[in-house]
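Here is the structure we will look at.
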Protein chains: 2
Amino acid sequence: MGRQRGEEEPAAAGTRPLRRDAELNRQRIIQAGREVFAARGLQATLNDVAHHAGLGVGTVYRKFPDKQALAEAIFTEELDEIAAMAQKARAEGDAFTALAGFLEGALGRAAHNRGLRELMRHGAVEGTGLARARREITSHCEALVARARTQGALRDGVTEADIAPIAAMIDAIMALPGEHPSELWRRYLAIILDGLRAQPRQTPLPGPGSVG
Amino acid sequence: MGRQRGEEEPAAAGTRPLRRDAELNRQRIIQAGREVFAARGLQATLNDVAHHAGLGVGTVYRKFPDKQALAEAIFTEELDEIAAMAQKARAEGDAFTALAGFLEGALGRAAHNRGLRELMRHGAVEGTGLARARREITSHCEALVARARTQGALRDGVTEADIAPIAAMIDAIMALPGEHPSELWRRYLAIILDGLRAQPRQTPLPGPGSVG
DNA sequence: CGTAACTGGATACATCATATCCGCTTCATG
DNA sequence: CATGAAGCGGATATGATGTATCCAGTTACG
C-alpha cells in the first residue's frame, strides 16, 4: 500500500535471497514487462520482454516460469492500486460524483495500458491475486452504485450490473485505431454518465465536436 | 437489391458457366461461409468452412483463392444490405428518429454476425466492394446526422464523427462473454442515444435492470 | 581462488493456418 | 455408352509464430 515502485520486495519470503545481480535483473524484468505489456498488450512475448530489458530469454524464464506468472506479478499491483482508488471513492459524500470520478480515474489509468485492458476484458484466472483484486473493485463499485441510488442520483433502472459493460464500451473506444494515447474516451464516458443520471446535466461534451 | 438469398448469380459473367454440380457447391460454400463466419468470426479457417459445407478443402480453394476472397463475396452483400437500410432511413422525415432506427437495425444485424463485426472493427481493405459499401454507409450516416442537427434534435457538440465510436462501443457489448445472442446492447444504445439528443427523453431503459 | 549461482541466446518443440497436388470421381456431350 | 474435360477430396508440404529448454561460458561471493 505504502510501497513505491522500484522498491519491490526481494522475491518471496522463506527463500534464500537472490544474488545481488540476479535480484537487479528481476527488477529489470518486471519494469520491462510493465512497459512492454502496457504498450503492446499481453500478446507480447517473454522474448520481447527480455530483449526490452536488455537480458537474455533464459534469464527471464529462470525468474518467471511463463508469461502468466510475470503478468500476474505486474498486474496484481496495478489492480490493487485501482482497488484503492475505488475504496477512496466510497468515502466521498456524493456517491454519483464519487462513482464518476472513480471511473474517470480508473479508466484513465487503463487508457495507457493495453495489457491491463486486455486483462480486464478477458477476465482473470480464478485463484490468483488478479481475481481477488478484481472482486474487490467490483464490490466497491456495487456499493457506490447502491449508495448513488439511495441518494436518488441514478436514472431509473440503472444497476451495478451496468458498470462492467460501460467499462467495456469505453475500452472499445480506447482500442480504436488512431494515435495513442487519445483522450476521446472521455467524451463518450461523459455521454454515458449523463445517461445514468436521474436528471441529466447537459454539461458541454469534452473532446472534438465543435459544431459550426 | 431485389435478389433473394439462394438465387445468387452463377459466378462471374464472361466466364464459361460452371458445371451444374460445381455451381451448387459454390452456393454451398458461400452459405457455409456465412454461417461459420457469423458464428465463429473471421478467424475461422477455410477448412472449417469446407467441413461445414460437407466438402473437401480443395474444393473451396478451387473456388476462392483465399479466405479474403470468400469473406469479400459474403460480406459485400451483407454491407450492401445495411447501406440500403441507411439510404431508406434518409427518406424519413424526422432525422433523429431515422438515425436511431437505422442504428438499431444495422447493429441488430451485426449482433448475430461476429464476422461482420470483426470486419467493421478492423476496416476493409481499400479497393474492394467492402470498402465501397462502407463509404456508402458512412456518407448516409453523415447526411442523417447533418439533417438531425439542422432539425435541432442533437445535443450541442455531437457530430457525424461520433457514429463510428458509438458503433464500436455497442460492438464491445456484443463481444462481451455470455450466452449469445444477447439483447443487452439495446440497453446501452438507448442510453447513448438519449445522450445524443438535444433534450434527453427519459424513456425507460430496455433490458435487465429492474430496480428494487 | 573455488564453486555455486546465474546468464545468454541458439535452438528444439509445438501449434496452427494456409495452400497445393494429384489420383480418383462425376458430369456432359456426341 | 464412351470418353475426356471438369471437378473433387483430403493428406500433406509449407511457413509463421510463440514457448520453453539446455548448457557452455561468465560472474558473484565466501
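Numbered from 1 within each chain, the chains take letters A, B, ... in sequence-line order. Nothing here was measured: the structure is a model prediction, and the numbers come from that model.
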Separation of atom [atom1] in [X] from atom [atom2] in [N], rounded to whole Å:
X	N	atom1	atom2	answer
A:F64	D:dT21	CZ	C1'	18 Å
B:K67	C:dA17	NZ	C1'	7 Å
B:D66	D:dT14	CG	C1'	16 Å
A:Y61	D:dG18	OH	P	11 Å
B:I29	D:dC8	CD1	C1'	10 Å
B:R20	D:dG7	CZ	P	13 Å

Heavy-atom pair with the smallest gap, counting every atom of [X] and [Y]:
X	Y	answer
A:F102	A:I137	CZ-CG2, 4.1 Å
A:L193	A:F96	O-CZ, 3.6 Å
B:A32	B:V49	CB-O, 3.7 Å

Flag side-chain contact, heavy atom, 4.5 Å: A:L107 against A:M174:
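They are in side-chain contact.
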
Show the numbers, then the answer: is there a side chain to side chain donor-acceptor pair (under 3.5 Å) between A:Q87 and A:R90?
CA-CA 5 Å; A:Q87 186 161 46; A:R90 286 181 69 171; over 6 Å; no

Can you check whether B:I191's main-chain N or O pairs, donor with acceptor, with B:D194's side chain at less than 3.5 Å?
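Flag not set: sc B:D194 to bb B:I191 has no pair under 3.5 Å.
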
Sequence-aligned protein contact record of nucleotides 5-15 of chain C, with B where the base is within under 4.0 Å of a protein heavy atom and S where only the sugar-phosphate is:
BSBBB------

Are OP1 or OP2 of C:dT18 and a side-chain N or O of B:T45 less than 4.0 angstrom apart?
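Yes, B:T45 has a side-chain N/O under 4.0 Å of OP1/OP2 on C:dT18.
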
